[in-house]
Amino acid sequence: SQWGEENLQALSIQEGEDVTMNCSYKTYTTVVQWYRQKSGKGPAQLILIRSNEREKRSGRLRATLDTSSQSSSLSITGTLATDTAVYFCATDAGTGGYKVVFGSGTRLL
Amino acid sequence: NAGVIQTPRHKVTGKGQEATLWCEPISGHSAVFWYRQTIVQGLEFLTYFRNQAPIDDSGMPKERFSAQMPNQSHSTLKIQSTQPQDSAVYLCASSSRDWGYAEQFFGPGTRLTVL
(Lines give C-alpha, C1' and ligand atoms only; values in the text may rest on other atoms or scores of the structure.)
Protein backbone atom coordinates (compact mmCIF):
# COMPACT_ATOMS: atom_id res chain seq x y z
CA SER A 1 0.00 0.00 0.00
CA GLN A 2 1.05 3.55 -0.67
CA TRP A 3 -0.13 4.61 2.75
CA GLY A 4 0.99 4.23 6.34
CA GLU A 5 -1.24 2.67 8.90
CA GLU A 6 -1.62 5.46 11.38
CA ASN A 7 -4.47 7.15 9.57
CA LEU A 8 -7.33 7.64 11.98
CA GLN A 9 -10.55 5.94 11.06
CA ALA A 10 -13.13 8.17 12.71
CA LEU A 11 -13.29 11.42 14.60
CA SER A 12 -16.29 12.59 16.54
CA ILE A 13 -16.27 16.26 17.47
CA GLN A 14 -18.61 19.02 18.50
CA GLU A 15 -19.64 21.74 16.11
CA GLY A 16 -17.38 24.72 16.48
CA GLU A 17 -14.31 22.71 17.46
CA ASP A 18 -11.13 22.59 15.45
CA VAL A 19 -9.95 19.24 14.09
CA THR A 20 -6.79 17.94 12.46
CA MET A 21 -6.49 14.81 10.35
CA ASN A 22 -3.17 13.25 9.51
CA CYS A 23 -1.90 10.85 6.93
CA SER A 24 1.46 9.42 6.05
CA TYR A 25 2.57 7.95 2.76
CA LYS A 26 5.27 5.49 1.82
CA THR A 27 6.14 6.41 -1.75
CA TYR A 28 7.79 9.71 -2.59
CA THR A 29 5.42 12.28 -4.00
CA THR A 30 5.60 15.96 -4.77
CA VAL A 31 1.89 16.55 -4.41
CA VAL A 32 -0.74 15.58 -1.85
CA GLN A 33 -4.41 16.17 -2.46
CA TRP A 34 -7.15 16.24 0.13
CA TYR A 35 -10.65 15.16 -0.84
CA ARG A 36 -13.95 15.20 0.95
CA GLN A 37 -16.74 12.73 0.26
CA LYS A 38 -20.20 13.34 1.59
CA SER A 39 -22.77 10.59 1.86
CA GLY A 40 -24.10 9.56 -1.54
CA LYS A 41 -21.68 11.76 -3.43
CA GLY A 42 -18.36 11.32 -5.16
CA PRO A 43 -15.16 12.73 -3.68
CA ALA A 44 -14.49 16.43 -4.21
CA GLN A 45 -11.04 17.95 -4.10
CA LEU A 46 -10.49 20.40 -1.26
CA ILE A 47 -6.84 21.30 -1.42
CA LEU A 48 -3.84 20.33 -3.51
CA ILE A 49 -0.52 21.03 -1.81
CA ARG A 50 2.86 20.74 -3.48
CA SER A 51 6.17 19.89 -1.87
CA ASN A 52 7.44 23.45 -2.18
CA GLU A 53 4.45 24.88 -0.32
CA ARG A 54 4.60 23.16 3.10
CA GLU A 55 1.30 24.85 4.03
CA LYS A 56 -1.79 25.89 2.06
CA ARG A 57 -5.02 27.47 3.20
CA SER A 58 -8.50 27.62 1.73
CA GLY A 59 -11.16 29.25 3.86
CA ARG A 60 -11.42 27.24 7.09
CA LEU A 61 -9.10 24.55 5.76
CA ARG A 62 -5.35 24.33 6.22
CA ALA A 63 -3.17 21.63 4.74
CA THR A 64 0.46 20.91 5.49
CA LEU A 65 2.98 18.73 3.78
CA ASP A 66 6.25 17.48 5.22
CA THR A 67 8.16 15.59 2.57
CA SER A 68 10.97 14.70 4.98
CA SER A 69 8.59 12.71 7.17
CA GLN A 70 6.31 11.86 4.23
CA SER A 71 3.25 13.11 6.05
CA SER A 72 0.44 15.55 5.50
CA SER A 73 -2.31 17.02 7.61
CA LEU A 74 -5.63 18.74 7.06
CA SER A 75 -7.04 21.06 9.70
CA ILE A 76 -10.55 22.46 9.83
CA THR A 77 -11.27 25.38 12.09
CA GLY A 78 -14.71 25.95 13.56
CA THR A 79 -16.27 22.77 12.24
CA LEU A 80 -19.84 22.89 11.04
CA ALA A 81 -22.42 20.17 10.74
CA THR A 82 -21.94 20.40 6.99
CA ASP A 83 -18.33 19.25 7.42
CA THR A 84 -19.60 15.76 8.25
CA ALA A 85 -17.95 13.58 5.62
CA VAL A 86 -15.08 11.21 4.94
CA TYR A 87 -11.80 12.97 4.25
CA PHE A 88 -9.15 11.36 2.10
CA CYS A 89 -5.57 12.24 1.42
CA ALA A 90 -4.31 11.17 -1.96
CA THR A 91 -1.22 11.11 -4.13
CA ASP A 92 -0.66 10.41 -7.80
CA ALA A 93 1.51 7.28 -7.53
CA GLY A 94 4.18 8.99 -9.62
CA THR A 95 2.01 9.24 -12.71
CA GLY A 96 2.32 12.99 -13.08
CA GLY A 97 -1.16 13.56 -11.81
CA TYR A 98 -3.64 11.40 -13.64
CA LYS A 99 -3.97 8.47 -11.26
CA VAL A 100 -5.32 9.39 -7.84
CA VAL A 101 -4.33 6.92 -5.13
CA PHE A 102 -6.50 7.44 -2.09
CA GLY A 103 -5.72 6.73 1.54
CA SER A 104 -8.21 4.88 3.68
CA GLY A 105 -9.94 8.05 4.82
CA THR A 106 -11.03 9.61 8.07
CA ARG A 107 -14.70 9.82 8.90
CA LEU A 108 -15.59 13.08 10.57
CA LEU A 109 -18.80 12.87 12.58
CA ASN B 1 -23.02 22.72 -15.50
CA ALA B 2 -24.59 19.47 -14.37
CA GLY B 3 -21.31 17.89 -13.40
CA VAL B 4 -20.44 14.29 -14.17
CA ILE B 5 -23.56 12.23 -14.68
CA GLN B 6 -23.67 8.53 -13.87
CA THR B 7 -26.52 6.18 -14.62
CA PRO B 8 -28.04 4.21 -13.14
CA ARG B 9 -27.47 5.32 -9.56
CA HIS B 10 -28.29 1.84 -8.29
CA LYS B 11 -28.17 -1.47 -10.07
CA VAL B 12 -28.96 -4.91 -8.75
CA THR B 13 -27.94 -7.94 -10.76
CA GLY B 14 -28.00 -11.65 -10.23
CA LYS B 15 -24.78 -13.62 -10.15
CA GLY B 16 -23.64 -14.34 -13.68
CA GLN B 17 -25.55 -11.48 -15.30
CA GLU B 18 -24.00 -8.58 -17.17
CA ALA B 19 -23.92 -5.02 -15.87
CA THR B 20 -23.28 -1.89 -17.91
CA LEU B 21 -22.59 1.37 -16.16
CA TRP B 22 -22.76 4.73 -17.93
CA CYS B 23 -20.87 7.94 -17.43
CA GLU B 24 -21.35 11.34 -19.05
CA PRO B 25 -18.30 13.54 -18.38
CA ILE B 26 -18.34 17.29 -18.07
CA SER B 27 -18.56 18.84 -21.50
CA GLY B 28 -15.15 19.80 -22.84
CA HIS B 29 -13.19 17.53 -20.52
CA SER B 30 -10.69 15.38 -22.36
CA ALA B 31 -9.88 12.87 -19.62
CA VAL B 32 -12.30 10.35 -18.13
CA PHE B 33 -11.50 8.08 -15.20
CA TRP B 34 -13.16 5.10 -13.55
CA TYR B 35 -12.69 4.16 -9.89
CA ARG B 36 -14.21 1.51 -7.66
CA GLN B 37 -15.03 2.00 -3.98
CA THR B 38 -15.57 -0.75 -1.42
CA ILE B 39 -15.43 -0.83 2.35
CA VAL B 40 -12.53 -3.29 2.31
CA GLN B 41 -10.37 -1.93 -0.52
CA GLY B 42 -11.35 1.72 -0.37
CA LEU B 43 -11.13 3.82 -3.52
CA GLU B 44 -9.22 2.15 -6.35
CA PHE B 45 -8.27 3.43 -9.77
CA LEU B 46 -9.52 1.23 -12.59
CA THR B 47 -8.86 2.88 -15.94
CA TYR B 48 -8.80 6.14 -17.85
CA PHE B 49 -9.25 7.64 -21.30
CA ARG B 50 -7.66 10.63 -22.94
CA ASN B 51 -9.59 12.09 -25.86
CA GLN B 52 -11.58 8.83 -25.96
CA ALA B 53 -8.45 6.66 -26.27
CA PRO B 54 -7.70 4.14 -23.52
CA ILE B 55 -4.44 5.09 -21.82
CA ASP B 56 -4.07 3.16 -18.58
CA ASP B 57 -6.17 0.17 -17.57
CA SER B 58 -3.77 -1.10 -14.93
CA GLY B 59 -6.47 -1.24 -12.26
CA MET B 60 -8.97 -3.21 -14.27
CA PRO B 61 -9.50 -6.84 -13.38
CA LYS B 62 -8.21 -8.75 -16.38
CA GLU B 63 -11.29 -10.83 -16.81
CA ARG B 64 -14.92 -9.79 -17.15
CA PHE B 65 -14.28 -6.02 -16.94
CA SER B 66 -14.10 -3.74 -19.95
CA ALA B 67 -14.42 -0.01 -20.51
CA GLN B 68 -15.11 1.96 -23.62
CA MET B 69 -15.51 5.55 -24.67
CA PRO B 70 -17.22 5.57 -28.06
CA ASN B 71 -17.61 9.34 -28.14
CA GLN B 72 -16.64 12.37 -26.10
CA SER B 73 -19.96 12.51 -24.32
CA HIS B 74 -20.06 9.14 -22.67
CA SER B 75 -18.09 6.20 -21.36
CA THR B 76 -19.25 2.76 -20.29
CA LEU B 77 -17.93 0.21 -17.86
CA LYS B 78 -19.15 -3.30 -18.57
CA ILE B 79 -18.88 -6.21 -16.19
CA GLN B 80 -19.66 -9.63 -17.62
CA SER B 81 -20.77 -12.57 -15.52
CA THR B 82 -21.00 -10.45 -12.37
CA GLN B 83 -19.90 -11.97 -9.08
CA PRO B 84 -20.81 -10.95 -5.52
CA GLN B 85 -17.29 -9.56 -5.04
CA ASP B 86 -18.02 -7.05 -7.83
CA SER B 87 -20.49 -5.32 -5.52
CA ALA B 88 -19.17 -1.81 -5.05
CA VAL B 89 -19.74 1.83 -5.87
CA TYR B 90 -18.29 2.60 -9.28
CA LEU B 91 -17.23 6.21 -9.69
CA CYS B 92 -16.54 8.11 -12.87
CA ALA B 93 -14.53 11.32 -12.95
CA SER B 94 -13.52 13.74 -15.66
CA SER B 95 -10.82 16.36 -15.95
CA SER B 96 -9.85 19.09 -18.37
CA ARG B 97 -6.49 17.39 -18.81
CA ASP B 98 -4.62 14.35 -17.52
CA TRP B 99 -1.38 16.04 -16.51
CA GLY B 100 -0.26 18.63 -14.02
CA TYR B 101 -2.56 17.35 -11.28
CA ALA B 102 -5.63 18.87 -12.88
CA GLU B 103 -8.64 18.49 -10.64
CA GLN B 104 -10.77 15.45 -11.26
CA PHE B 105 -14.50 16.01 -10.87
CA PHE B 106 -16.33 12.94 -9.66
CA GLY B 107 -19.86 11.82 -10.36
CA PRO B 108 -22.12 10.47 -7.61
CA GLY B 109 -21.33 6.88 -8.50
CA THR B 110 -23.32 3.79 -9.39
CA ARG B 111 -23.91 1.36 -6.55
CA LEU B 112 -23.77 -2.16 -7.98
CA THR B 113 -25.17 -4.99 -5.90
CA VAL B 114 -24.66 -8.54 -7.11
CA LEU B 115 -26.93 -11.06 -5.43
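Chain letters run A, B, ... following the sequence lines, proteins first, then strands; residues in each count from 1.
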Residues, nucleotides or ligands: over 12 heavy atoms within 6.0 Å of [X] [atom1]:
X: Gln52(B); atom1: CD; result: yes
X: Gln72(B); atom1: CD; result: no
X: Arg64(B); atom1: CZ; result: yes

- Query: Is chain A contacted by the side chain of Ser58(B), its backbone, both, or neither, given a heavy-atom distance below 4.5 Å?
  - Reply: side chain
- Considering only heavy atoms, which portion of Gln37(B) lies under 4.5 Å from any heavy atom of chain A: side chain, backbone, both, or neither? side chain
- Query: Looking at Val89(B), Asp56(B), Ile55(B), Leu91(B), which has the largest count of heavy-atom pairs under 4.5 Å with chain A?
  - Reply: Asp56(B)
- Counting heavy-atom pairs under 4.5 angstrom with chain A, the leader among Phe105(B), Tyr48(B), Tyr101(B) is Tyr101(B)
- For Arg9(B) and Gly40(A), indicate whether the former's side chain and the latter's backbone hold a donor-acceptor pair under 3.5 Å. yes
According to a hydrophobic-cluster definition based on side-chain heavy atoms being under 4.5 Å apart (Ile, Leu, Val, Met, Phe, Trp, Tyr only), do [X] and [Y] belong together?
X: Val32(A); Y: Tyr87(A); value: yes
X: Leu48(A); Y: Phe106(B); value: no
X: Ile76(A); Y: Leu46(A); value: yes
X: Val32(B); Y: Leu21(B); value: yes

- Message: Phe88(A) vs Leu43(B), test: side chain to side chain contact (heavy atoms under 4.5 Å, CB included). Steps then yes/no.
- Response: CA-CA 10 Å; Phe88(A) 297 94; Leu43(B) 273 155; 3.9 Å; yes
- Looking only at Gln37(A), Gln33(A), Lys41(A), most heavy-atom pairs under 4.5 Å shared with chain B are made by Gln37(A)
- Message: Under 4.5 Å from any heavy atom of chain B, what part of Thr30(A) do you find: side chain, backbone, both or neither?
- Response: side chain
- Message: Let me confirm one number: the CD-CZ distance from Glu44(B) to Phe102(A), rounded to the nearest 0.5 Å.
- Response: 11.5 Å
